[in-house]
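Values below: every heavy atom of this structure, side chains too, minus hydrogens, waters and symmetry copies. Each residue takes its place number in the sequence, starting with 1.
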Amino acid sequence: MATFKAIRIDKADKGTTAQLTQFDEAELMEGDVTVRVEWSTLNYKDGLALTGKAPVVRRFPMIAGIDFAGTVEQSSHPQWKAGDKVVCTGWGMGETHLGAYAEKARVKGDWLVALPQGLSARDAMAIGTAGFTAMLSVLALEKHGLSPKSGPVVVTGAAGGVGSVATAVLSKLGYHVIASTGRTSEADYLRQLGAAEIIDRNELSAPGKPLAKERWAGGVDSVGSTTLANLLSMTKYGGAIAACGLAAGMDLPSSVAPFILRGVCLLGIDSVMCPIEPRKAAWQRLASDLDRSKLSEITHEIPLAEVSEWGAKILSGQVRGRIVVKIV
């Protein structure tokens, strides 16, 4: 295969362009493993890259897509051989390294995780970076000492990718999940995932007090800004919030009050450069703690040709749950 299909992002006079085109294999970047990509997915960051709404892409030309699942074609890395089923998320793919919306990818073998037993490549991408980030958040809350006995947990952006998986996993683990969403029409969907309560995001999006009534022992936040500030102000004594997104903005108009008066902790979650051992642990927990029937409920499949169209939709809040992209 001298050339292969890919979503290529180029710099233009005004912003960037993204189009499905043929990409020359000779232009692939350095790496010791070449993978035949079978499935990818659409994350919020992919939407930003495809539309050029934020400077996610830092090299041109770029192949978009921050995660993939597929089969090793060639390898000079000691851990991997042709035929191995692998998953790759983050590590700058789609930002500084040619990414996943392509029939081929060449990456460092140290970036790869073996496809967990019991998960198909499609399942892995139905989870994708969003689900992986949700599980890293759950693991951080557990490490902090949170358990279902601690009290309710809140999930913001609950109908989105991170939120949907976080809601499903936390409910399966026995937590009382309070799902916050701007789409109250998705109430039935969220209850099917296991949400015990549903609140309108407006309750959390207006500026609030440094300390408010204690409502939850912990939470997973993919929204940021005023919402995160309010979550912290309403967290019970000794609780924690895992912060993993910025859908509402990068600012954090909070105070030190929750930290020094209630001992609340803010746990930062990064999925891009996360070391390999926590990655393996998160994927194993996803294979065991995410109900596969719920995963199918939250997943919608699209072909590679429709990625740019759906990239705009995810930014405008029109995507529920997870989008898997069929590459081949």
Any side-chain donor paired with an acceptor under 3.5 Å for S150 and Y175? no
Is it the case that more than 12 heavy atoms not belonging to E30 sit under 6.0 Å from its CD atom? no
Within this structure, what is the NZ-CD distance for the pair K104 and E73, rounded to the nearest 0.5 Å? 4.0 Å
Under 3.5 Å donor-acceptor, N43 side chain and A130 backbone: yes
L119 side chain near I127 side chain, heavy-atom distance below 4.5 Å: yes
Within-4.5 Å side-chain heavy-atom neighbours: T16 and V57: no
Shortest non-hydrogen separation from G194 to T167 and the atoms involved: C-CG2, 4.5 Å
Given T17 and D10, is the side-chain hydrogen bond (donor to acceptor under 3.5 Å, both in side chains) satisfied, shown in steps? CA-CA 5 Å; T17 62; D10 287 287; 4.6 Å; no
Answer with yes or no whether the hydrophobic clustering places V177 together with V154; edges join I, L, V, M, F, W, Y residues whose side-chain heavy atoms lie under 4.5 Å apart. no
Any donor and acceptor pair, going by atom type alone, linking the side chain of R322 with main-chain N or O of E301 inside 3.5 Å? no
Knowing that exactly one of T89, V35, V325 qualifies, which makes a side-chain contact (heavy atoms from CB on, under 4.5 Å) with F68? V35
Rounded to the nearest 0.5 Å, what's the gap from CD on E197 to CZ on R215? Could you check? 8.0 Å
Examine L304 and I9 and state if one hydrophobic cluster contains both, with Ile, Leu, Val, Met, Phe, Trp and Tyr joined whenever side-chain heavy atoms are less than 4.5 Å apart. no
Would you say the side chains of K85 and T71 form a donor-acceptor pair under 3.5 Å? yes
Non-hydrogen side-chain atoms of L211 and P258 separated by less than 4.5 Å: yes
Closer than 4.0 angstrom, basic N to acidic O: yes or no for E38 and K326? no
Distance alone, cut at 3.5 Å: any donor-acceptor contact between the side chains of S76 and D32? no
Closest non-hydrogen atoms of G311 and L50, given as atom of the first, atom of the second and distance, are CA-CD1, 4.1 Å
Side-chain contact, heavy-atom cut-off 4.5 Å: T156 with L231? yes
Tell me whether D289 contacts the main-chain N or O of L286 through its side chain, where contact means a donor paired with an acceptor under 3.5 Å. no
Taking V319 as the starting point, is it possible to reach M125 by hopping between hydrophobic residues whose side chains are less than 4.5 Å apart? no
Kindly determine whether L170 and V155 satisfy side-chain contact (heavy atoms from CB on, under 4.5 Å), including the steps that lead there. CA-CA 9 Å; L170 287 165; V155 176; 3.8 Å; yes
Donor-acceptor pair, distance only, cut-off 3.5 Å: does the side chain of D251 make one with the backbone of P253? no
Which heavy atom of F4 sits nearest a heavy atom of A102, and at what distance? CE1-CB, 3.6 Å
May I have the step-by-step check of side-chain hydrogen bond (donor to acceptor under 3.5 Å, both in side chains) for T34 and R106, ending in yes or no? CA-CA 4 Å; T34 303; R106 185 174 295 140; 3.1 Å; yes
Parallel, tilted or perpendicular: which fits the ring planes of W283 and F132, with parallel below 30° and perpendicular above 60°? parallel
Please check if atom CZ in R201 has more than 12 non-hydrogen atoms from other residues, nucleotides or ligands closer than 6.0 Å. no
With S185 via side chain to side chain donor-acceptor pair (under 3.5 Å) - residues at least two apart: none
Looking only at heavy atoms, what is the nearest atom pair of L252 and L266, with distance? CD2-CD2, 4.0 Å
Shared ILVMFWY cluster between I241 and M234, side chains joined below 4.5 angstrom? yes
For a quick test of reading the model, state the closest non-hydrogen atom pair linking L190 to A179 and the distance between them. CD1-CB, 4.1 Å
May I ask you to check whether T21 and R8 show a side-chain donor-acceptor distance below 3.5 Å? no
Regarding D67 and T129, is there a side-chain donor-to-acceptor distance under 3.5 Å anywhere? yes
Cationic N near anionic O, under 4.0 Å, K294 to E297: no
Would a distance-only check, ignoring hydrogens and angles, find a side-chain to backbone donor-acceptor pair under 3.5 Å from R285 to V138? no
Counting heavy atoms not belonging to F259, are there more than 12 under 6.0 Å from its CZ? yes
Same hydrophobic cluster for M62 and Y101, using side-chain heavy-atom links shorter than 4.5 Å among ILVMFWY? no
Could you check W39 against I327 for side-chain contact (heavy atoms from CB on, under 4.5 Å), going step by step and ending with a plain yes or no? CA-CA 5 Å; W39 294 92; I327 305 293; 5.5 Å; no
Without hydrogens or angle criteria, can the side chains of S120 and D123 be said to hold a donor-acceptor pair below 3.5 Å? yes
Would you check if the distance from the ring center of W216 to the ring center of H176 is below 6.0 Å? no
Please check if the number of heavy atoms outside E309 that lie under 6.0 Å from its CD is greater than 12. yes
With a 3.5 Å distance limit and no angle check, can you tell me whether H144 reaches the backbone of G218 through a side-chain donor-acceptor pair? no
Side chains of E203 and S180 only: does a donor on one sit below 3.5 Å from an acceptor on the other? no
Give a yes or no answer on whether the side chain of D200 reaches the backbone of T184 with a donor-acceptor pair at less than 3.5 Å. no
Do L48 and L315 come close enough that some side-chain heavy atom pair is under 4.5 Å? yes
Side chains of I276 and K280, heavy atoms from C-beta outward: is any pair under 4.5 Å? yes
Any ion pair linking E103 and R36 (charged N to carboxylate O, less than 4.0 Å)? no
Distance in Å, S40 OG paired with I63 CD1, rounded so as to fall on 0.5 Å steps: 11.5 Å
Can you check whether V153 reaches I178 side chain to side chain, under 4.5 Å on heavy atoms? no
Taking NZ in K172 as the centre, count heavy atoms belonging to other residues, nucleotides or ligands within less than 6.0 Å. Is the count above 12? yes
For I269 and A242, which heavy atoms make the closest approach, and how far apart are they? CG1-CB, 3.9 Å
With sequence neighbours excluded, what pairs up with Q74 under the side chain to side chain donor-acceptor pair (under 3.5 Å) test? none
Audit row: V324, H300, side-chain contact (heavy atoms from CB on, under 4.5 Å) steps and yes/no: CA-CA 6 Å; V324 289; H300 175 72; over 6 Å; no
Using a cut-off of 6.0 Å, state whether more than 12 heavy atoms not belonging to K313 lie near its atom NZ. yes
Does any N or O in the side chain of S225 come within less than 3.5 Å of the main-chain N or O of T227, such that one atom is a donor and the other an acceptor? no
Tell me, with the steps shown, if V33 and L112 meet side-chain contact (heavy atoms from CB on, under 4.5 Å). CA-CA 9 Å; V33 181; L112 298 171; 3.8 Å; yes
In terms of relative ring orientation, are W91 and W111 parallel, tilted or perpendicular, with 30° and 60° separating the classes? parallel
V220 side chain reached by C244 side chain, heavy atoms, under 4.5 Å: yes
Got a salt bridge between E95 and R59, using NZ or NE/NH1/NH2 to carboxylate O under 4.0 Å? no
